[in-house]
Structure formats: structure tokens, C-alpha cells
Amino acid sequence: PFLMNLGRLHPDQNKWVLVLSRPFSDEGKIEPGRFIALFLDLSQVNKSLFTDLAVGHKGFLTFAGFLPDDRMVLPHFSARTKAEREFFTSATMWKSIRDIPEAKGGILLRGTTLPGFPIYLIGVASRQDFDQPVRELITNSLLIGLFILALGVLGTVVFSNRLTAPLARL
């Protein structure tokens with residue numbers, strides 16, 4: 001498998017494709033030395049595989065192709081969320097897979113190479129997905145703590161009056 005720009009074959013088709021070769025078979029019998037070349041549009045592959053997958057609430061999955069000279073190719077698709085816009089704005093500055101940081105602005109990035117393919121899978125998570133549950137936990141803990149404190153103060157007032165009332169009558 002390798003990546004190729006279709007513009008090399010058809011000047012009006014400036015898009016990247018993943019080229020796969022498969023043995024040619026006639027009536028289930030593989031014919032030696034004959035192959036079929038499959039051209040998979042990176043944008044269509046990305047759309048078909050990753051559109052409905054999410055990382056947390058705001059994150060997503062995508063991939064980058066890498067060329068033999070270590071340049072990086074990203075599939076084209078419209079950014080729908082803030083995390084996607086931030087990723088693609090940042091990704092335009094990356095020249096190779098090694099340029100992808102672990103964090104950039106409000107997103108966290110993690111990737112891995114797909115064995116046997118010139119593909120680097122990328123998981124993009126929004127920092128908000130990590131921060132929001134922590135904020136909610138802290139807020140709920142504070143509210144519960146304040147409620148318990150208020151009950152303690154109220155209990156102290158009620159029981160102190162009950163304990164001191166007999167002494168006050170003496």
C-alpha cells in the first residue's frame with residue numbers, strides 16, 4: 001500500500017488516495033502475476049470510518065497518511081466542532097507525523113501507526129471532556145460539604161439549647 005495524488009494520473013483530480021493491490025482472480029482462481037489496483041479516496045475513507053465515532057463528547061478520530069519522504073497528508077472534511085476546527089487549523093502547520101504534539105490549545109492528541117499501511121491513526125480529545133467531570137465533582141463536593149456544615153451548625157444550636165436550658169433554670 002502507498003499514497004498517491006491522483007493529479008499525477010488525472011490533472012483535474014487533485015486528491016490523495018490510498019493505493020492497494022490485490023491478486024486478480026477469475027472464477028475464484030488466482031492468476032499469478034495479475035493484480036487489481038484499488039484507489040481509496042482518503043476523504044471518503046475518513047468519512048466512512050470515523051464520522052460517527054467520537055472520543056468523549058467533543059473529540060473525534062481521524063488519520064493522516066505519510067509519504068516515503070516523511071511528509072504528512074490529511075484527508076479533507078468539513079470541521080463541525082470547535083475541536084475539529086482547532087485540529088485542522090493546527091494540522092496545516094505540521095509537515096510530518098513527528099510534528100504532531102501531544103496537546104495543542106484545547107485539544108489532546110494521541111496517535112499510532114497502522115501496521116503495514118502508510119496510515120497514522122489520530123485520536124483527538126477535547127480538554128473540556130476531561131475538565132468538566134472534575135469541575136462537576138469539585139462543585140458537588142463543595143455543595144455537599146456546605147450542606148453538612150449547615151446541618152452541623154443547626155444541630156449544634158438545637159442541642160446546645162437543650163443542654164443549657166436545664167442549667168439556665170437553676
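It should be emphasised that the depicted structure is a prediction, and the values quoted were computed from it without experimental measurement. We use all heavy atoms of the structure for the numbers below, so side chains are in, but hydrogens, waters and symmetry mates are not.
Both L20 and L67 sit in one connected hydrophobic cluster of ILVMFWY residues. Membership requires side-chain heavy atoms under 4.5 Å apart, directly or through other members. Cluster membership for V153 and L146, using ILVMFWY side-chain heavy atoms within less than 4.5 angstrom, is not shared. Put simply, L142 and V134 are part of the same group of oily side chains (I, L, V, M, F, W, Y) that touch within less than 4.5 Å, one to the next. Note: the hydrophobic cluster containing F35 does not contain L18 (ILVMFWY, side chain heavy atoms under 4.5 Å, direct or indirect links). Using a 4.5 Å cut-off between side-chain heavy atoms of Ile, Leu, Val, Met, Phe, Trp and Tyr, with links allowed through other members, L114 and V45 fall into the same hydrophobic cluster.
Between L42 and V73 the shortest heavy-atom distance is CD1-CG1, 3.9 Å. Residues Q13 and N5 share a closest heavy-atom pair of O-OD1, 3.7 Å. For the pair P118 and L3, the tightest heavy-atom approach, listed with the atom from each and the gap, is O-CD1, 3.9 Å. The two residues D69 and R71 come nearest to each other via the heavy atoms OD2-NE, 2.7 Å. The two atoms that bring T164 and S160 nearest to each other are OG1-O, 2.7 Å, heavy atoms only. Residues G106 and E86 come closest through the heavy atom pair N-OE2, 2.7 Å.
Here L151 contributes atom CG and F147 contributes atom CZ; the two are 4.0 Å apart, rounded to the nearest 0.5 Å. Taking CG of N140 as the start and CZ of R135 as the end, the distance is 13.5 Å to the nearest 0.5 Å. Between atom OG1 of residue T139 and atom CD1 of residue I144 there is a gap of 11.0 Å, rounded to the nearest 0.5 Å. Separating the CZ atom in F87 from the CG atom in L74 is a distance of 5.5 Å, to the nearest 0.5 Å. Put simply, NZ on K58 and CD on E84 are 13.0 Å apart, with the number rounded to the nearest 0.5 Å. We find the OG1-CZ distance between T113 and F63 to be 13.5 Å, quoted to the nearest 0.5 Å.
Within the 4.5 Å cutoff, no side-chain heavy atoms of M72 are placed close to those of D99. Side-chain contact check for S21 versus I36: every heavy-atom pair is 4.5 Å or farther apart. When side chains are defined from C-beta on, I122 counts as touching I100, because their heavy atoms get closer than 4.5 Å. Counting heavy atoms from C-beta on, the side chains of L40 and V17 never come closer than 4.5 Å.
Remark: the backbone N or O of G105 is paired with a side-chain donor or acceptor of R127 at under 3.5 angstrom.
Under the 6.0 Å cut-off for aromatic ring centres, W16 and F39 do not qualify, their centroids lying 6.0 Å or more apart.
A salt bridge between E102 and R110 is present, with a side-chain N of the basic residue lying under 4.0 Å from a carboxylate O of the acidic one.
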